[in-house]
Amino acid sequence: KRLEDILKDILGFVREARLSLRDVNINDLLQNILSLSESEINERGITIETSFDKIPDVFIDPDRMMEAFLNIVNNAIQAVISHGKIVLKTYESHGHAVAEISDTGTGIAEDDLHFIFDPFYTTKPFGTGLGLAITRRIIEEHKGRIEVKSSIGEGTVIKVFLPIEKEER
């Protein structure tokens, strides 16, 4: 099972994806991710807060972006100690729909921040180091960008910026 998961991650990283783009409400996409993660969130006693602004739909491949956001949310869940908090926000900024995921988890060491998007770089004992590399690739396929701020013991904030205008494609 572990080898299958590793191979799936590797293939997901190296394959050239054909995007099936359509207008998608990012708030609905994030709500679906929370539904998928609900049992693990409840099991760990994590508090979820959402603040979703009404923003225009984005022209994305919902399945690929779901994979990217699921990677981010799963990392937040794994980083949060029992009874911590994860906050999901959306808002519009300078022609971009922004999805911001923050957690009160363990945080990422400053020395590690420069490498977290590198393939096979991991600080987890059983990680493949491909989750965030795949996530960044998916976001860049959509002409977006990802930003990370983190402090040890204070948590992490990840912002995903996706262009609202279709002609930027």
Below 4.5 Å, heavy atoms only, C-beta onward: do [X] and [Y] meet side chain to side chain?
X	Y	result
Leu34	Thr50	yes
Ile138	Met65	yes
Val98	Thr90	no
Phe69	Thr135	no
Val58	Asp23	no
Met66	Leu29	yes
Gln31	Phe52	yes
Thr47	Ile86	no

Which heavy atom in [X] sits nearest to a heavy atom in [Y], and how many Å separate them?
X	Y	value
Glu92	Pro56	OE1-CD, 3.3 Å
Ile139	Ala68	CG1-CB, 4.5 Å
Pro163	His96	N-CD2, 3.5 Å
Leu70	Ile33	CD1-CG2, 3.6 Å
Asn74	Ser37	OD1-OG, 4.1 Å
Asp118	Ala133	C-CB, 4.3 Å

Partner set under side-chain contact (heavy atoms from CB on, under 4.5 Å) for [X], not counting sequence neighbours:
X	value
Asp53	Ile55, Tyr91
Glu38	Asn42
Ile152	Ala109

Using a side-chain heavy atom cutoff under 4.5 Å and only I, L, V, M, F, W and Y, what cluster partners does Val87 have?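 Members other than Val87 - counting any ILVMFWY side chain reachable under 4.5 Å - there are none.
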
Spell out, yes or no, whether Leu36 and Ile48 are grouped together once hydrophobic residues are joined by side-chain heavy atoms under 4.5 Å, including indirect joins.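 As far as the 4.5 Å side-chain criterion goes, Ile48 and Leu36 are connected within one cluster.
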
Should Val73 and Phe161 be counted in the same cluster of Ile, Leu, Val, Met, Phe, Trp and Tyr side chains packed under 4.5 Å apart?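 Each belongs to a different hydrophobic cluster.
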
Looking at Arg145, I want to see if its CZ is surrounded by more than 12 non-hydrogen atoms of other residues, nucleotides or ligands under 6.0 Å.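 Yes, because the 6.0 Å sphere around CZ of Arg145 holds more than 12 heavy atoms from other groups.
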
Please report the interatomic distance [atom1]([X]) to [atom2]([Y]), rounded to the nearest 0.5 Å.
X	Y	atom1	atom2	value
Leu30	Ile101	CG	CD1	6.0 Å
Ile81	Thr106	CD1	OG1	6.0 Å
Leu132	Ile146	CG	CD1	6.5 Å

Could you go through Glu100 and Val157, starting from their C-alpha distance and side-chain angles, then the distance that decides it, and tell me whether this counts as side chain to side chain contact (heavy atoms under 4.5 Å, CB included)? CA-CA 7 Å; Glu100 182 178 309; Val157 178; 3.8 Å; yes

Looking just at side-chain N and O atoms, do Asp61 and Ser20 make a donor-acceptor pair shorter than 3.5 Å?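 Absent: no donor and acceptor within the cut-off.
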
Which is it for Arg137 and Glu141 under the salt bridge (Lys or Arg N to Asp or Glu O under 4.0 Å) test, yes or no, and what are the steps along the way? CA-CA 6 Å; Arg137 175 174 283 180; Glu141 287 170 352; 5.1 Å; no

Can you tell me which residue pairs pass the side-chain hydrogen bond (donor to acceptor under 3.5 Å, both in side chains) test with a partner in residues 148-157, sequence neighbours excluded?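 Only Ser150-Thr156 qualify under side-chain hydrogen bond (donor to acceptor under 3.5 Å, both in side chains).
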
Does the salt bridge (Lys or Arg N to Asp or Glu O under 4.0 Å) test come out yes or no for Glu67 and Arg64, once each step is laid out? CA-CA 5 Å; Glu67 181 180 355; Arg64 293 286 285 162; 3.5 Å; yes

Residues which pass side chain to side chain donor-acceptor pair (under 3.5 Å) with Asn25, listed by chain and number, not counting sequence neighbours: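 Scan of Asn25 (side chain to side chain donor-acceptor pair (under 3.5 Å), adjacent residues dropped) gives none.
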
